[in-house]
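First up is the structure itself, then whatever we jot down about it.
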Amino acid sequence: MSFVFMMSRERFLLLGFKPFMLLLGFFCFVALLSPNVAYFLNVDVDLVPFLDSPILFFWDCLEVLMMAHPFLLVVLTELVLLALVGRYSIWIILHLPFFLWLPLELIYIQRYGAPSSAHILAIIAQTNYAEALGYAGGWGNLALYSIYVVFLFLVVLGMLRSDVKWGHRSRWWVVSIFGTLIIINFLSHKDFSDQSKKMDDIKDLFVTREFGYGVDEYIDSYPFGLVLRILQYFQQLNVLRASAEKVAAIDSGLPRREVAEREIYVVVIGESARADRWSLNGYDRETTPLLSKKSNVFSFTNAVSVSAATRTAVPALLSRTTVNDLAFSRLRNSWITDFKKSGFKVYWLSTQMQVGSHDTMIGVYASLADETLYLNEGMYKTKGNYDGVVLGYLKKILKRSDEFKKLIVIHTLGSHFPYHFRYPLEFAHFKPVPPQNKVGNLFDKKQEKELQNSYDNSIRYTDFVLSSIIDALREYPDAASMMWYLSDHGQTLFEIGCTANGHGFRSAYNFHIPVVLWASDTFLSFRPEIARVARRNRDQPLYAGDFFDTMLDVGGFENNGRLNSFLSEGYDTRPRIVTVQGDKKINFDEEFVDEGCAKI
């Protein structure tokens with residue numbers, strides 16, 4: 001009798017256990033797909049009210065549906081996979097790596113409003129133990145994650161023991177109906193041969209290759225998108241490493257005379273800043289109040305970038321890359337290598353990205369440094385760390401007293417759109433500005449005032465960062481120190497005659513960049529002519545393509561007076577040929593004589 005009772009009790013408990021595990025399995029299914037919902041909720045969508053314009057409301061809804069399309073298909077794909085395996089336990093085990101990454105994905109979306117990327121994977125791959133702890137949010141979050149891992153382990157054990165099955169014939173309905181929809185979706189894209197041919201035609205190694213077959217639209221989804229991001233990371237990493245080895249082997253071969261026993265050179269490459277928005281250059285708004293009060297600061301008002309896009313503009317600042325090289329992404333020798341081979345310890349600090357279509361070619365030059373740090377987990381269109389994050393690392397580098405020669409390159413996000421994401425709230429000096437949770441629309445004339453204000457605030461924050469760098473360098477009066485600031489390109493903002501805003505197209509405002517020099521008293525005592533020539537060349541037409549010669553000149557490299565430096569007595573103002581991606585080249589001074597924008 002007691003035996004029968006015990007068997008009935010065990011059966012009762014087991015019957016109660018299975019529904020619980022079934023519910024838990026459903027919860028796991030929903031949890032794994034939750035990053036898709038979290039990301040979509042962060043997408044900035046403004047629907048036109050139906051009563052105002054039914055047609056526009058319909059089109060807005062259709063646009064939202066198209067944005068949600070990849071995520072809906074991911075749900076269907078996971079349902080089909082679950083139906084095929086027929087057991088929650090097998091489905092969970094197959095997805096175990098994605099469950100382990102799940103909390104980190106959700107945290108990243110919560111912080112930055114976007115899914116993880118090849119960029120954040122690159123940061124994690126190069127992060128040490130202490131930095132990883134910082135990214136995780138400290139020991140508290142690490143303890144919570146440990147509890148989560150234990151819970152996940154118990155769920156897997158429970159699923160295996162209960163053996164919860166999907167035995168109903170509905171699983172085959174799901175496979176046949178939803179599976180057919182998924183196949184039709186992929187077949188609706190271009191046929192395989194055309195897509196493969198298109199991929200083979202890509203000659204630029206630094207452009208992130210598309211996977212083709214309609215797969216790329218799932219890059220932001222989860223869990224499938226994570227696989228694509230990992231593949232992108234390794235693709236770009238391989239290109240970066242192979243290219244860096246070639247560039248590192250080339251230098252100018254010029255002799256160098258020592259400027260001083262201790263030398264510190266800092267080069268700050270900004271983003272999307274234009275010269276006419278700096279009060280240092282005569283702008284009527286006080287956007288550079290700190291730099292304006294500093295001594296030994298020299299501003300050049302008539303400088304032009306080589307390109308209107310970061311991807312092509314920055315290599316022209318870092319190397320001998322000319323406007324003719326850009327269309328083919330040809331890599332040239334960098335002044336970074338010259339300094340490094342002359343005994344300098346080289347550092348690269350960046351709040352931009354290491355890999356990606358816009359970044360990998362720049363990352364090649366960054367990898368030439370002895371130490372490379374990417375300090376921003378966010379991306380161009382999201383919030384992240386402000387440029388001021390570099391200041392703490394810079395001070396630590398400067399404190400290293402055993403290094404007598406230092407070159408520090410700092411690549412910032414500067415004034416990249418969304419402008420109000422580039423500075424802390426306390427730097428919102430000009431108001432009103434866009435709401436913190438809104439990206440804004442560069443093509444909406446109604447938002448012009450807010451966008452103009454936030455752009456000027458971003459310049460004001462750059463002023464703070466540069467002024468802080470100068471203050472940090474002044475802490476070492478025995479060193480011959482110098483700081484250069486150049487923006488990669490400019491920006492167009494609701495200009496008369498321009499049909500677009502932003503950058504990456506032919507507009508005078510996209511090429512006119514600020515160039516600022518600061519030199520310590522010690523440096524000027526060794527090179528007194530620099531102050532005189534800098535003042536004389538203040539309004540001279542300068543070309544960013546000559547920054548290579550300029551860096552060699554100020555660094556003490558000698559080429560029998562043939563370095564065409566911004567600070568040379570006979571600087572040659574050659575034709576300033578500019579481009580966007582290298583395919584079409586124009587003479588800046590001839591093309592933009594009478595108007596700010598050419599036909600786009």
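Note that the structure is a prediction, hence the values are computed from the model and not measured.
Ring centers of Phe71 and Tyr222: at least 6.0 Å apart, outside the cut-off. Separation of the Tyr423 and Tyr386 ring centroids does not fall under the 6.0 Å cut-off. The six-membered or imidazole ring of Trp91 lies near that of Phe29, with a centre-to-centre distance under 6.0 Å. For His416 and His503, the gap between ring centers is short of 6.0 Å.
How far OG of Ser342 is from CD of Glu263: 9.5 Å, rounded to the nearest 0.5 Å. Expressed to the nearest 0.5 Å, how far OG1 of Thr310 lies from CG of Asp488 amounts to 4.0 Å. Rounding to the nearest 0.5 angstrom, the gap separating the CZ atom in Phe417 from the CG atom in Leu442 is 4.0 Å. Here the CZ atom belonging to Phe464 is positioned 9.0 Å from the CG atom belonging to Asp471, to the nearest 0.5 angstrom. For the atom pair CZ of Arg277 and CZ of Arg274, the computed distance is 5.0 Å after rounding to the nearest 0.5 Å. Residue Ile469 holds its CD1 atom at 9.0 Å from CD1 of Ile408, rounded to the nearest 0.5 Å.
Counting heavy atoms of neighbouring residues, nucleotides and ligands inside a 6.0 Å radius, atom CZ of Arg241 does not exceed 12 of them. Within 6.0 Å of the NZ atom in Lys395, the count of heavy atoms belonging to other residues, nucleotides or ligands does not exceed 12. By the 6.0 Å contact criterion, CZ on Phe27 is open, its count of non-hydrogen atoms from other residues, nucleotides or ligands being 12 or less.
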Working note: Tyr476 + Ser481, criterion side chain to side chain donor-acceptor pair (under 3.5 Å); need CA distance, chi angles, decisive distance, verdict. CA-CA 8 Å; Tyr476 303 88; Ser481 304; over 6 Å; no
I would like to know whether Trp518 and Tyr485 meet ring-ring contact (aromatic ring centres under 6.0 Å, His included); could you show each step before the answer? CA-CA 9 Å; Trp518 172 84; Tyr485 169 84; over 10 Å; no
Working for side chain to side chain contact (heavy atoms under 4.5 Å, CB included), residues Val215 and Phe224: CA-CA 10 Å; Val215 170; Phe224 181 55; 3.9 Å; yes
Test side chain to side chain contact (heavy atoms under 4.5 Å, CB included) applied to Leu398 and Glu475, step by step: CA-CA 9 Å; Leu398 295 177; Glu475 293 291 319; over 6 Å; no
What's the verdict on side chain to side chain donor-acceptor pair (under 3.5 Å) for Thr492 and Ser507, showing C-alpha distance, side-chain angles and the deciding distance? CA-CA 7 Å; Thr492 298; Ser507 160; 2.8 Å; yes
Side chain to side chain contact (heavy atoms under 4.5 Å, CB included) between Leu552 and Ser252, worked out: CA-CA 9 Å; Leu552 293 184; Ser252 301; 3.9 Å; yes
Take Tyr108 and Ile120, measure what side chain to side chain contact (heavy atoms under 4.5 Å, CB included) needs, and give me the verdict at the end. CA-CA 9 Å; Tyr108 190 84; Ile120 189 62; 3.8 Å; yes
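Residues His411 and Thr351 have side chains that never bring a donor and an acceptor to within less than 3.5 angstrom of each other. Counted by atom type alone, Tyr380 and Glu271 present zero donor-acceptor pairs between their side chains at under 3.5 Å. Inspection of the Glu78 and His95 side chains reveals an N or O donor paired with an N or O acceptor under 3.5 Å. Using modelled atom types, one finds no donor on one side chain facing an acceptor on the other under 3.5 Å when comparing Ser415 with Tyr455. Judged purely by distance below 3.5 Å, without hydrogens or angles, the side chains of His119 and Glu377 never pair a donor atom with an acceptor atom. Side-chain N/O atoms of Tyr374 and Gln352 include no donor and acceptor closer than 3.5 Å.
Under a 3.5 Å cut-off, the side chain of Asn510 and the backbone N or O of Ala308 do not form any donor-acceptor pair. For Asp251 (side chain) and Thr337 (main-chain N/O), no donor-acceptor pair under 3.5 Å exists by modelled atom type. For the pair Ser221 (side chain) and Tyr218 (backbone), a donor-acceptor distance under 3.5 Å is present. The backbone N or O of Leu317 lies less than 3.5 Å from no partner atom in the side chain of Thr321, so there is not a single donor-acceptor pair. With hydrogens and angles disregarded, no donor-acceptor distance shorter than 3.5 Å links the side chain of Thr579 to the backbone of Lys585. Counting only distance, with no hydrogens or angles, the side chain of Thr550 and the backbone of Asp546 share a donor-acceptor pair below 3.5 Å. Looking only at distances, a side-chain donor or acceptor of Asp387 sits under 3.5 Å from a matching main-chain atom of Leu413. Looking only at distances, a side-chain donor or acceptor of Lys340 sits under 3.5 Å from a matching main-chain atom of Leu368. Side chain of Ser334 to main chain of Leu318: a donor-acceptor pair is present (N/O by atom type, distance under 3.5 Å, no hydrogens or angles). A distance-only check finds no donor-acceptor pair linking the side chain of Asn238 to the backbone of Gln235 [under 3.5 Å].
Counting only heavy atoms from C-beta outward, the side chains of Ser307 and His489 never approach each other to under 4.5 Å. Counting only heavy atoms from C-beta outward, the side chains of Gln436 and His420 approach each other to under 4.5 Å. No side-chain heavy atom of Pro315 sits less than 4.5 Å from a side-chain heavy atom of Val306. Residues Phe206 and Ile362 fail the side-chain proximity criterion, which asks for heavy atoms closer than 4.5 Å. Using a 4.5 Å cut-off on side-chain heavy atoms (C-beta onward), Trp348 and Ser350 make contact. Residues Val266 and Ile264 meet the side-chain proximity criterion, which asks for heavy atoms closer than 4.5 Å. Side-chain contact between Thr312 and Val580 is absent, with no heavy-atom pair separated by less than 4.5 Å. Considering only heavy atoms from C-beta on, Val578 comes within 4.5 Å of Val304 through its side chain.
Looking at every heavy atom in both residues, Ala544 comes nearest to Ser305 through CB-CA, 3.8 Å. Across every non-hydrogen atom of Ser467 and Leu291, the tightest pair is N-CD2, 4.2 Å.
Of the candidates Tyr265, Trp335, Phe404, Phe344 forms a ring-ring contact (aromatic ring centres under 6.0 Å, His included) with just one, namely Tyr265.
Take Phe557 and apply the ring-ring contact (aromatic ring centres under 6.0 Å, His included) test, not counting sequence neighbours, and it matches Phe339. With sequence neighbours excluded, the residues forming a salt bridge (charged side-chain N to carboxylate O under 4.0 Å, His left out) with Asp325 are Arg330, Arg332, listed by chain and number. With sequence neighbours left out, the salt bridge (charged side-chain N to carboxylate O under 4.0 Å, His left out) criterion links Arg311 to Asp204.
Salt bridge Glu105/Arg229: present, at least one basic N to carboxylate O contact under 4.0 Å. Remark: Lys345 engages Glu371 in a salt bridge, criterion side-chain N to carboxylate O under 4.0 Å. Ion pairing of Arg320 with Asp549 is present here, as a side-chain N (NZ or NE/NH1/NH2) and a carboxylate O approach within less than 4.0 Å.
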